[in-house]
Chemist: 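What follows is a single structure, and I will ask about it in a moment.
Just so we're on the same page: letters track the sequence lines, and every chain starts at 1. What's counted below: heavy atoms across the whole structure, side chains too, no hydrogens, waters or symmetry copies.
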Amino acid sequence: MAKVAVATRSPALAGKSVGGQGVSLKVLEPASRMSLRARPAAKAALSKALGVSLPEKPKTTTTKGGRSALWLGPDEWLVIDEAGGDPLADCASVKGLHSAVDVSHRNVAIAVTGPNAAATINAGCPQDLSLDAFPVGAASRTVLGKVEMVLLRTGEDAFRIECWRSFSDYVYGFLSEAARDG
Amino acid sequence: MLLIHCPYCEEERPELEFRNAGEAHIARSTDIAAESDEDFEKFFFIRSNPKGVIFERWRHIHGCARFFNAARDTITDRFLLTYKAGEPKPDISKLSSEHGPAAWANRPPDQLNVKPKAKRSTKGEA
Ligand SMILES: [Zn+2]
């Protein structure tokens, strides 16, 4: 009888949270993520296949049924599915030239919520996070301290930070310190 | 911190999101093998390094990740304008210096950017 090795996945920072001082940090559940690159010609078909229209306006997001498409660049989107769907499979039948790469386990997501959420993130992020400049639904690739992240505003006092798994310890530590300063 | 207008993100973003990528509008010869050593040296190594307005490539590396071009004053670090990659080099004399820095006061903009003595080899369009 051959031995069968079963890989068990261990998400980075699973279940960690920090609370108090007007801001709370919570490491979010694993999600399906896709890095999507496409020219304008393929956009409509991809939107249709994904069930969520790919935004064309910089720094915006469209969300539908647990699936979000974040504008990262003029031909680049990050699709996040938290409803158990498989965006990669949905794009497989699209004929138009595009690049769809599964990056589900590349990223770790951290929710930063509370009245001091923006101030906590601004401890390491130089972007203007006022509601005028970064309204609910705004999303952007940017920096936090010395690493890159994708920032999405999910509510007036709520953000989702997507960072690379290998950066997640740094990001979580940075935010924890920043939260204490609040 | 400098704020740089990204022509793709259509707004000013903090300089930490950007990376300089050297002088802009340096066209690669369409027939590089036929270049003389001298012309290749000019293309490959020689840069204008002006005191004043320079055209540069920048990359919004921690943003939309796109390359674009900018006209920047090397004395004041003021960005005169930015424009998408592939767009023609703007006429610097048409840029308004009204709100320009003090260093502009006594010199017309076209005299700020003194051309290098050796003629740059720019075969093909930049
Ligand atoms: Zn940009």
Chemist: Under a 4.5 Å heavy-atom cutoff, which of B:H60, B:R66, B:E10, B:E15 has the most pairs with chain A?
Modeler: B:R66
Chemist: Could you tell me whether A:D102 atom CG has more than 12 heavy atoms of other residues or ligands within 6.0 Å of it?
Modeler: yes
Chemist: Using the rule that Ile, Leu, Val, Met, Phe, Trp and Tyr join whenever any side-chain heavy atoms are under 4.5 Å apart, tell me whether A:L13 and A:V171 fall into a single cluster.
Modeler: yes
Chemist: Under 4.5 Å from any heavy atom of chain A, what part of B:I61 do you find: side chain, backbone, both or neither?
Modeler: backbone
Chemist: Please evaluate residues A:Q127 and B:E17 with respect to the criterion side-chain contact (heavy atoms from CB on, under 4.5 Å), reporting the C-alpha separation (whole Å), side-chain torsions for both, the decisive distance (0.1 Å), and the verdict.
Modeler: CA-CA 9 Å; A:Q127 276 207 36; B:E17 293 184 358; 2.9 Å; yes
Chemist: Are A:V101 and A:V52 joined in one hydrophobic group, where the rule is that I, L, V, M, F, W and Y side chains link up if heavy atoms are under 4.5 Å apart?
Modeler: no
Chemist: Determine the minimum heavy-atom distance between A:W71 and B:Y8, stating which atoms define it.
Modeler: CH2-O, 3.9 Å
Chemist: More than 12 heavy atoms of other residues, nucleotides or ligands under 6.0 Å from CZ of A:R106: is that the case?
Modeler: yes
Chemist: Can you confirm whether B:E11 sits close enough to A:P58 that some side-chain heavy atom of one is under 4.5 Å from a side-chain heavy atom of the other?
Modeler: no
Chemist: Is B:D37 atom CG crowded by more than 12 heavy atoms from other residues, nucleotides or ligands, each under 6.0 Å away?
Modeler: no
Chemist: Pick whichever of A:G73, A:P126, A:S140 has the most heavy-atom pairs under 4.5 Å with chain B.
Modeler: A:P126
Chemist: Tell me, side chain or backbone of A:D75 under 4.5 Å from chain B's heavy atoms, or both, or neither?
Modeler: both
Chemist: Using the rule that two of Ile, Leu, Val, Met, Phe, Trp, Tyr join whenever any of their side-chain heavy atoms come within less than 4.5 Å, decide whether B:I4 and B:I54 are in one cluster.
Modeler: no
Chemist: Please rank A:T142, A:V143, A:V150 by heavy-atom pairs under 4.5 Å with chain B and give me the top one.
Modeler: A:T142
Chemist: Should A:L46 and A:M34 be regarded as members of a common hydrophobic cluster, given that ILVMFWY residues are connected when their side-chain heavy atoms come within less than 4.5 Å of each other, either directly or indirectly?
Modeler: yes
Chemist: Relative to chain B, which segment of A:E76 carries a heavy atom at a distance below 4.5 Å: side chain, backbone, both, or neither?
Modeler: side chain
